[in-house]
Amino acid sequence: MRHLKYIYIISLSFGFTTVYSQIDTNGKFLHDSIFENKLREGELSKLLSEVKNRPDLQLERLSAYFFHQRINQYRLENKLTTLYWDDRMWLAARNHNLFMTIAPKIGHIEQIGAKFFTGIKPSNRILYVTYNGFSVKLYGENCLLNFSADSLVSLEENAKNIAEKSFEQWKNSPFITKIC
């Protein structure tokens, strides 16, 4: 029997992503295609072109989009500038989600040599995706997990619900200041 599970990472300076995975009865993730592997900027267009064919990728992208909109709404309400969307940074966050599917615990540090390793810390993961061609001076990460979709509502409604729950969890985190 397979169960659905979603793992989330919010990366304040480089977007929000969810990774959809199926889990077998032993709790092991079933990675079934290239889209469940770590990817780099050169593979981004292939991933994005496949979104229309894959409901899991649609939910992932739409959740990310709605979260991005929600965090920018919050920033505007607090008289802050909005955050720019960058698919490369979304991909770096997505890669870290994949790493967390096999990690012994949720966290911000990846172990060298582990499956899905793309960099010890977020800045290294950005460099992995961009072939060392992009540098970020300020970044942040907040890990969230275990939201699931409701089969009785639309894809869009599921994505909005996931984004709103994620936003509320992020906003109420003791590690986030109210001016982020």
Side-chain angles (χ1 to χ4, degrees), residues 3-23 29 35-36 39 44 47-48 51-52 54-101 103 105-110 116 118-119 121-123 125-126 129 134 136-180:
H3 297 11
L4 302 180
K5 182 174 184 174
Y6 296 89
I7 295 190
Y8 300 90
I9 181 172
I10 298 174
S11 304
L12 300 180
S13 63
F14 54 87
F16 166 86
T17 186
T18 64
V19 172
Y20 162 87
S21 295
Q22 293 187 352
I23 303 174
F29 286 87
F35 306 115
E36 281 78 36
L39 300 173
L44 184 58
L47 174 66
L48 293 175
V51 169
K52 65 182 177 292
R54 300 254 322 246
D56 56 331
L57 293 176
Q58 290 172 18
L59 182 61
E60 180 178 328
R61 282 292 282 183
L62 203 49
S63 298
Y65 171 78
F66 287 134
F67 180 83
H68 187 257
Q69 295 299 312
R70 184 65 179 94
I71 195 112
N72 277 337
Q73 175 188 356
Y74 179 78
R75 290 179 62 80
L76 287 171
E77 290 166 0
N78 288 281
K79 299 182 180 15
L80 298 168
T81 59
T82 57
L83 299 175
Y84 175 74
W85 178 271
D86 188 314
D87 280 324
R88 298 168 302 172
M89 303 308 107
W90 169 75
L91 193 55
R94 188 177 199 279
N95 284 340
H96 186 58
N97 280 350
L98 290 170
F99 172 81
M100 288 194 304
T101 65
K105 64 181 183 173
I106 299 297
H108 302 287
I109 306 297
E110 292 186 8
F116 302 125
T118 58
K121 57 187 180 178
S123 60
R125 295 190 283 276
I126 293 167
V129 166
F134 189 80
V136 176
K137 293 182 181 174
L138 180 63
Y139 57 86
E141 218 171 56
N142 189 5
C143 302
L144 309 171
L145 66 129
N146 290 334
F147 292 118
S148 61
D150 182 347
S151 62
L152 301 177
V153 299
S154 70
L155 176 77
E156 183 176 346
E157 199 60 36
N158 271 318
K160 285 180 180 177
N161 290 338
I162 289 168
E164 189 59 35
K165 287 177 187 176
S166 299
F167 173 79
E168 288 301 319
Q169 190 174 358
W170 168 81
K171 189 175 86 171
N172 295 318
S173 169
F175 303 107
I176 301 299
T177 63
K178 296 298 178 184
I179 61 168
C180 285

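These values consider heavy atoms only, across backbone and side chains, with no hydrogens, waters or symmetry-generated copies. Keep in mind the model is a prediction, meaning the values are calculated, not measured.
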Notebook entry, point to check: Taking 4.0 angstrom as the limit, do Arg94 and Asp87 come out as a salt bridge?
Noted result: no
Notebook entry, point to check: For the residue pair Phe99 and His96, does the interplanar ring angle fall in the parallel (under 30°), tilted (30 to 60°) or perpendicular (over 60°) class?
Noted result: parallel
Next item on the list: Report the relative orientation of the aromatic rings in Phe67 and Phe167; use parallel for angles under 30°, tilted for 30 to 60°, perpendicular for over 60°.
Entry: tilted
Next item on the list: Side-chain contact test, heavy atoms from C-beta onward, threshold under 4.5 Å: evaluate it for His68 versus Tyr65 and give yes or no.
Entry: no
Check: Can you tell if the side chain of Leu76 reaches within under 4.5 Å of the side chain of Thr82, non-hydrogen atoms only?
Finding: yes
Next item on the list: Determine the sole option in Leu48, Leu62, Val51 for which the side-chain contact (heavy atoms from CB on, under 4.5 Å) test with Leu57 is passed.
Entry: Val51
Next item on the list: Search all heavy atoms of Ser63 against all heavy atoms of Ala163 and return the closest pair with its distance.
Entry: O-CB, 3.7 Å
Next item on the list: Measure the CD1-CD distance between Ile162 and Glu164 for me, rounded to the nearest 0.5 Å.
Entry: 12.5 Å
Checklist line | Arg125 (side chain) donor-acceptor with Gly119 (main chain) under 3.5 angstrom | finding: yes
Next item on the list: Please answer whether the main-chain N or O of Lys121 pairs with a side-chain N or O of Glu110 as donor and acceptor at a distance below 3.5 Å.
Entry: no
Notebook entry, point to check: To the nearest 0.5 Å, how far apart are CZ in Arg54 and CG in Leu59?
Noted result: 12.0 Å
Check: Taking atom OG of Ser166 and atom NZ of Lys171, what is their separation to the nearest 0.5 Å?
Finding: 13.5 Å
Checklist line | Side chain to side chain, Glu60 and Trp90, heavy atoms closer than 4.5 Å | finding: yes
Next item on the list: Flag the pair Ile126 / Arg88 as yes when at least one side-chain heavy-atom distance between them is below 4.5 Å, and no otherwise.
Entry: no
Notebook entry, point to check: Does the side chain of Glu168 come within less than 4.5 Å of Arg70's, by heavy atoms?
Noted result: yes
Next item on the list: Starting at CG of Leu83, measure out to CG of Asp86 and round the result to the nearest 0.5 Å.
Entry: 11.5 Å
Check: Can you tell me how far CG of Asn95 sits from OG1 of Thr118, rounded to the nearest 0.5 angstrom?
Finding: 5.0 Å
Item checked: Spatial distance of atom CG (Asn72) from atom CD (Glu77) [nearest 0.5 Å] -> 11.0 Å
